[in-house]
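Scroll down for the structure; my scribbles are underneath it.
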Number of protein chains: 2
Amino acid sequence: MGFTYKYARPALTADCVVFGLDEEDLKVLLIQRDLEPFAGMWALPGGFVAVGEAIETTARRELLEETGLKNVFLEQLHTFSEPDRDPREHVVTVAFYALVNLSEHKVQAATDARNAAWFAIDDIPKLAFDHEKILKVAYERLKGKIRYRPIGFELLPDKFTLSHLQLMYEKILDRELDKRNFRKKILNMEIIEELNEIETDVAHRAARLYRFNKKKYDAKVKEGFDFEL
Amino acid sequence: MGFTYKYARPALTADCVVFGLDEEDLKVLLIQRDLEPFAGMWALPGGFVAVGEAIETTARRELLEETGLKNVFLEQLHTFSEPDRDPREHVVTVAFYALVNLSEHKVQAATDARNAAWFAIDDIPKLAFDHEKILKVAYERLKGKIRYRPIGFELLPDKFTLSHLQLMYEKILDRELDKRNFRKKILNMEIIEELNEIETDVAHRAARLYRFNKKKYDAKVKEGFDFEL
DNA sequence: ACAAAAGTGTTTGTTGTACACCCATGC
DNA sequence: GCATGGGTGTACAACAAACACTTTTGT
């Protein structure tokens with residue numbers, strides 16, 4: 001049995017770099033491989049593309065199967081095709097990056113029998129295949145894109161304080177921002193709306209909550225607005 | 001004979017959107033298909049990935065075979081994987097975009113027995129497969145990227161006048177720029193160098209020639225410089 | 001009352017934008 | 001000498017950056 005083709009074909013996979021943010025760090029979701037090659041080693045979640053399946057579908061399917069995540073922000077990153085990136089044979093992988101908010105997808109760890117865990121971005125173990133390279137490309141992309149597309153909100157809960165928003169940017173861009181200038185700028189964009197709610201359970205003055213208004217953003221984009229931090 | 005695998009695999013191809021610039025327009029290089037499906041129709045140059053070959057290598061190989069182009073600027077664009085994008089079977093394609101300067105790669109037309117020709121960006125014929133979609137994505141990428149990476153120089157000859165440079169940006173961004181402000185900005189970047197040469201064969205005052213200094217650009221990037229038009 | 005973070009404006013420097021005329025050359 | 005594009009500077013507006021204190025709440 002099997003499938004026969006006139007010419008040899010590389011295998012095709014999808015891999016995902018899943019970023020999450022908690023109070024301390026930007027984190028990445030990894031799974032521990034149970035099969036050779038690299039059994040026992042940490043790797044990006046991912047798997048083989050089925051014929052008839054769009055690769056983004058593969059990516060979402062594998063994410064769900066391996067980590068329990070669904071309905072996340074997912075975007076294609078780059079396709080890696082070096083013939084020796086997998087020791088078995090030529091495997092081409094289409095890499096994606098995903099953004100999830102850790103407080104709502106808490107420690108999705110151990111699912112499936114496989115071991116899954118979040119690692120701080122600057123405390124990543126050795127990874128299988130060329131996954132370190134893929135992760136690096138993904139992080140660079142995130143750093144770049146977050147400045148001119150409002151994707152950072154995907155890392156936060158639906159309702160957030162301006163301090164959380166600022167902290168998110170500081171974590172990812174890896175530099176400090178001025179509080180007053182930041183607030184002035186983000187509020188002037190008029191794409192996040194002030195809610196009549198404040199945070200709870202904090203041991204100091206509670207901050208006002210805000211929400212990203214995608215409709216308003218889309219409308220402004222149509223009229224030439226450019227998000228830029 | 002043939003190659004047999006345990007699980008079915010999609011076929012893998014590379015396709016290239018080649019942009020070129022002449023005095024009038026931004027152009028795209030297309031080839032006329034000689035085989036089914038879509039025989040006789042215009043399409044992006046491209047072809048099947050060989051096992052053991054990085055996909056960028058496939059893209060360059062196909063470009064050379066089908067259009068005679070080599071040593072061009074080439075960058076990965078996106079991977080298209082909708083199962084029905086090829087009527088024969090599931091074919092996943094990794095799309096690239098290339099930038100060449102038309103004055104040095106003039107009418108690379110008819111090579112190979114295949115028919116190749118340049119088409120103005122807003123006068124593209126119906127294309128095979130989903131190539132119109134790929135072209136659209138490539139054009140959007142070019143428009144976006146040209147504003148924050150110095151890739152536009154790839155579309156010009158080595159030595160160019162400031163007017164040519166400006167015209168290139170105007171053609172691609174599809175809007176007019178102010179001559180004085182443009183010159184001020186681009187010269188202040190100190191990444192193009194003034195040559196002791198002027199253009200020839202023009203029926204008016206000859207303009208000074210300039211050249212992009214990649215070394216200077218790279219050095220400035222290392223110190224935090226950001227190209228932005 | 002104290003600790004912790006929220007919230008708030010002004011000044012100064014830098015960058016972007018709008019705008020019009022003289023100059024050099026080929027025909 | 002005329003047509004064609006080359007080359008140049010200034011004034012004003014908008015935006016970015018730097019900076020410190022008062023307010024609110026929980027313990």
Side-chain angles (χ1 to χ4, degrees), chain A residues 21-24 103 146-148 156-157 159-171 173-211 220 223-229, chain B residues 21-24 103 146-148 156-157 159-171 173-211 220 223-229:
Chain A
L21 192 76
D22 68 9
E23 306 295 312
E24 282 82 40
S103 54
I146 210 161
R147 277 173 43 197
Y148 65 93
L156 298 178
K159 300 169 180 183
F160 50 82
T161 69
L162 291 183
S163 293
H164 284 146
L165 187 62
Q166 181 178 342
L167 211 64
M168 182 268 290
Y169 282 108
E170 290 180 333
K171 287 269 159 62
L173 299 176
D174 208 17
R175 68 187 156 97
E176 302 209 326
L177 301 172
D178 179 90
K179 183 160 67 158
R180 279 176 290 190
N181 293 337
F182 176 79
R183 291 160 105 92
K184 207 187 308 168
K185 185 150 188 184
I186 207 89
L187 290 175
N188 275 350
M189 290 184 190
E190 295 182 298
I191 58 171
I192 67 173
E193 53 183 340
E194 186 174 322
L195 301 176
N196 283 324
E197 282 178 75
I198 54 171
E199 57 179 346
T200 52
D201 302 319
V202 285
H204 52 81
R205 173 174 177 183
R208 164 151 266 118
L209 293 173
Y210 291 80
R211 186 198 287 147
K220 295 196 76 165
E223 286 158 17
F225 170 78
D226 247 3
F227 180 91
E228 204 182 325
L229 199 81
Chain B
L21 193 73
D22 68 9
E23 306 296 312
E24 284 83 39
S103 54
I146 211 163
R147 277 174 44 196
Y148 65 95
L156 298 177
K159 300 169 181 180
F160 50 82
T161 69
L162 292 184
S163 294
H164 284 148
L165 187 62
Q166 181 179 341
L167 211 63
M168 182 268 291
Y169 282 108
E170 291 181 331
K171 287 268 159 63
L173 298 177
D174 207 17
R175 67 186 158 100
E176 302 209 326
L177 302 173
D178 179 272
K179 183 161 69 158
R180 279 175 290 190
N181 293 337
F182 176 80
R183 290 159 106 94
K184 207 189 306 169
K185 184 148 190 188
I186 207 89
L187 290 174
N188 273 351
M189 290 183 190
E190 293 180 301
I191 59 171
I192 68 174
E193 54 183 340
E194 184 175 324
L195 301 176
N196 282 323
E197 281 178 75
I198 54 172
E199 56 180 346
T200 51
D201 302 321
V202 285
H204 53 80
R205 174 173 177 184
R208 165 151 266 120
L209 291 173
Y210 292 80
R211 187 196 287 147
K220 295 197 76 166
E223 286 158 18
F225 170 77
D226 247 2
F227 180 90
E228 203 183 325
L229 198 80

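All chains are named by letter (A, B, ...) in the order of the sequence lines, taking the proteins before the strands, and each is independently numbered beginning at 1.
- Heavy atoms only, all atoms of each residue included: A:Phe227 and A:Phe225 are closest at N-CE2, 3.6 Å.
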Collect all protein-nucleotide pairs involving nucleotides 14-16 of chain C in which both atoms are nitrogen or oxygen and the distance is under 3.5 Å.
residue, atom, partner, partner atom, Å
C:dG16, OP1, B:Lys185, NZ, 3.3

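- With sequence neighbours excluded, no residue satisfies salt bridge (charged side-chain N to carboxylate O under 4.0 Å, His left out) with A:Arg180.
- Annotation: side chain of A:Leu162 is in contact with side chain of A:Leu187 (closest heavy-atom distance under 4.5 Å).
- When distances run from any side-chain atom of B:Arg205 to the nucleotides C:dA4, C:dG7, C:dC23, the shortest one goes to C:dC23.
- Shortest non-hydrogen contact noted between B:Glu228 and B:Met189 is O-CE, 3.3 Å.
- With sequence neighbours left out, the side chain to side chain contact (heavy atoms under 4.5 Å, CB included) criterion links A:Asn181 to A:Asp178, A:Lys184.
- Contacts of residues 188-199 of chain A with DNA chain C (heavy atom under 4.0 Å): none.
- Distance, B:Lys179 NZ to C:dT17 P: 18 Å, rounded to whole Å.
- The backbone N or O of A:Gln166 lies less than 3.5 Å from no partner atom in the side chain of A:Lys179, so there is not a single donor-acceptor pair.
- If you walk DNA chain D from 5' to 3' and mark each nucleotide with an atom closer than 4.0 Å to a heavy atom of chain A, the marks span D:dA16 to D:dG26.
- Remark: C1' of C:dA20 and CG of B:Asn181 are 13 Å apart, rounded to the nearest angstrom.
- Rounding to whole angstrom units, CG of residue A:Leu162 and C1' of C:dG7 are separated by 10 Å.
- Heavy atoms only, all atoms of each residue included: A:Lys159 and A:Arg211 are closest at CE-NH2, 3.8 Å.
- Regarding contacts with the backbone of C:dG7, a side-chain N or O of A:Arg183 is found under 4.0 angstrom from either OP1 or OP2.
- Scanning all heavy atoms of the two residues, the minimum distance from B:Leu156 to B:Met168 falls at CD2-CB, 4.1 Å.
- Atom CG of B:Asp178 and atom C1' of C:dA20 are 11 Å apart (whole Å).
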N/O donor to acceptor pairs below 3.5 angstrom from side-chain atoms of residues 198-210 of chain B, sequence neighbours left out:
residue, atom, partner, partner atom, Å
B:Glu199, OE2, B:Ala207, N, 3.0
B:Arg208, NE, B:Glu194, OE2, 3.3
B:Arg208, NE, B:Leu195, O, 3.0

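- Considering all non-hydrogen atoms of both residues, B:Tyr169 and B:Ile146 come closest at CE2-O, 3.6 Å.
- When the P atom of C:dT17 is taken as reference, atom CG of B:Leu229 falls 10 Å away, rounded to whole Å.
- Considering only heavy atoms from C-beta on, B:Tyr148 stays 4.5 Å or farther from B:Asp226 through its side chain.
- Considering only side-chain N and O atoms, A:Ser163 lies under 4.0 angstrom from the phosphate OP1 or OP2 of C:dA6.
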